[in-house]
Amino acid sequence: MIMYKRILVAVDGSELSRLAVMQAARLAQSCGAIVQALYVVDSTDIYYGIGPYDPGGVTEALLTYGEAVLQDAAASLAGAGVEHCTKLRKTSVAPGRVAATIELEAQEWNADLIVMGTHGRRGMQRLLMGSVAQGVVHRSTRPVLLVRHPAQRADKSEPATVSTSNDAH
């Protein structure tokens, strides 16, 4: 059995993110692992607004939201009796590079596993919106556990999680 000691869970405040935290907690309970909940502030969109404005207020709102998301994750992990910590990354490694930032944090924290939700976007929606989960799987040298919402699964008998390991990168 693979024993994880350091599990990084990327959170964004969505219901899917909460499911990822629960999955990370279950794994941590079975392995005796510590979990780090990570929230990356992605303020890329505020620089593409129309008209002049001060993006500082939007950035401050994103930071406040991120702190609330991390408090929620910490409460869930504490409720599960899991050793944990949280981290708020105030900026990504480059504008719009959330996936690269998650992988960098996993490297710096020496995570054995990354857990995160995937929104299951397909087709044009995936092309236009991109996929942070896909970017993490593509970049990561460590296992990545992707958690999908049960409603997203075409085959309801299939498990709610999909584990992907990218050792070839």
Side-chain angles (χ1 to χ4, degrees), residues 1-42 62-94 97-121 130-169:
M1 175 180 194
I2 296 175
M3 298 297 287
Y4 300 111
K5 294 296 175 197
R6 297 171 73 82
I7 300 170
L8 183 136
V9 60
V11 295
D12 65 6
S14 67
E15 177 61 26
L16 200 47
S17 172
R18 285 186 273 287
L19 291 173
V21 169
M22 292 172 58
Q23 191 64 240
R26 280 190 218 113
L27 280 169
Q29 288 170 334
S30 68
C31 298
I34 182 172
V35 175
Q36 178 183 7
L38 171 69
Y39 183 91
V40 178
V41 173
D42 183 19
L62 291 171
L63 291 169
T64 300
Y65 178 73
E67 289 169 358
V69 168
L70 289 173
Q71 286 176 356
D72 184 48
S76 295
L77 293 166
V82 172
E83 184 181 355
H84 64 279
C85 59
T86 62
K87 182 157 188 186
L88 177 72
R89 291 281 306 230
K90 294 181 180 181
T91 58
S92 55
V93 294
R97 304 275 315 269
V98 174
T101 306
I102 292 169
E103 174 57 22
L104 176 65
E105 185 61 34
Q107 288 174 16
E108 289 177 356
W109 192 64
N110 199 25
D112 301 311
L113 174 71
I114 299 171
V115 178
M116 62 187 304
T118 179
H119 293 279
R121 294 184 180 107
S131 170
V132 172
Q134 178 186 12
V136 171
V137 168
H138 178 74
R139 286 174 178 79
S140 187
T141 58
R142 67 202 78 242
V144 176
L145 178 67
L146 299 178
V147 179
R148 291 188 292 175
H149 195 281
Q152 293 174 329
R153 292 179 281 137
D155 178 4
K156 301 298 182 199
S157 65
E158 165 186 336
T161 59
V162 178
S163 181
T164 306
S165 180
N166 256 0
D167 297 323
H169 291 235

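No experiment lies behind these values; they were computed from the predicted model shown.
- Side chains of L38 and V9 form no contact here, defined as non-hydrogen atoms less than 4.5 Å apart.
- The side chain to side chain donor-acceptor pair (under 3.5 Å) test with K87 singles out one residue from E108, E105, Q36, and that residue is E105.
- The only member of L104, V41, V98, I102 that meets side chain to side chain contact (heavy atoms under 4.5 Å, CB included) when paired with R89 is L104.
- Contact record, Y39 with D12: CE1-CA, 3.9 Å, taken as the closest heavy-atom pair.
- Using a 4.5 Å heavy-atom cutoff, the side chains of E83 and V35 are not in contact.
- Put simply, the side chain of K90 does not reach to within 4.5 Å of the side chain of V40, judged on heavy atoms.
- Summarising the geometry of S30 relative to M3, their closest heavy-atom pair is O-CE, 4.3 Å, with the distance given to 0.1 Å.
- No donor-acceptor pair closer than 3.5 Å links the side chain of Q29 to the backbone N or O of V82.
- The distance from atom CG of L88 to atom CG of L63, rounded to the nearest 0.5 Å, is 5.5 Å.
- The shortest distance between side-chain heavy atoms of I114 and P143 does not fall below 4.5 Å.
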In sequence, state the C-alpha distance, the side-chain angles, and the governing distance for L146 and V144, and then conclude on side-chain contact (heavy atoms from CB on, under 4.5 Å). CA-CA 6 Å; L146 299 178; V144 176; 3.7 Å; yes
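- The shortest side-chain heavy-atom distance between R139 and Q107 does not fall under the 4.5 Å cut-off.
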Go through the steps for W109 and I7 under the test side-chain contact (heavy atoms from CB on, under 4.5 Å), then give the verdict. CA-CA 9 Å; W109 192 64; I7 300 170; 5.6 Å; no
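- With T101 contributing its side chain and V93 its backbone, the two residues share a donor-acceptor pair below 3.5 Å.
- Nearest heavy-atom pair across L16 and G117 is CG-CA, 3.9 Å.
- With rounding to the nearest 0.5 angstrom, the CZ atom of R6 is 7.0 Å from the SG atom of C85.
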Check step by step if side-chain contact (heavy atoms from CB on, under 4.5 Å) holds for L27 and L145. CA-CA 11 Å; L27 280 169; L145 178 67; 3.6 Å; yes
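- Atom-to-atom distance recorded for M22:CE and L77:CG is 11.0 Å, nearest 0.5 angstrom.
- Taking CD of E67 as the reference point, atom CG of D72 lies at 14.0 Å (rounded to 0.5 Å).
- Looking at every heavy atom in both residues, H84 comes nearest to A74 through NE2-O, 3.5 Å.
- Between the CD atom in E103 and the OG1 atom in T141 there is a gap of 5.0 Å [rounded to 0.5 Å].
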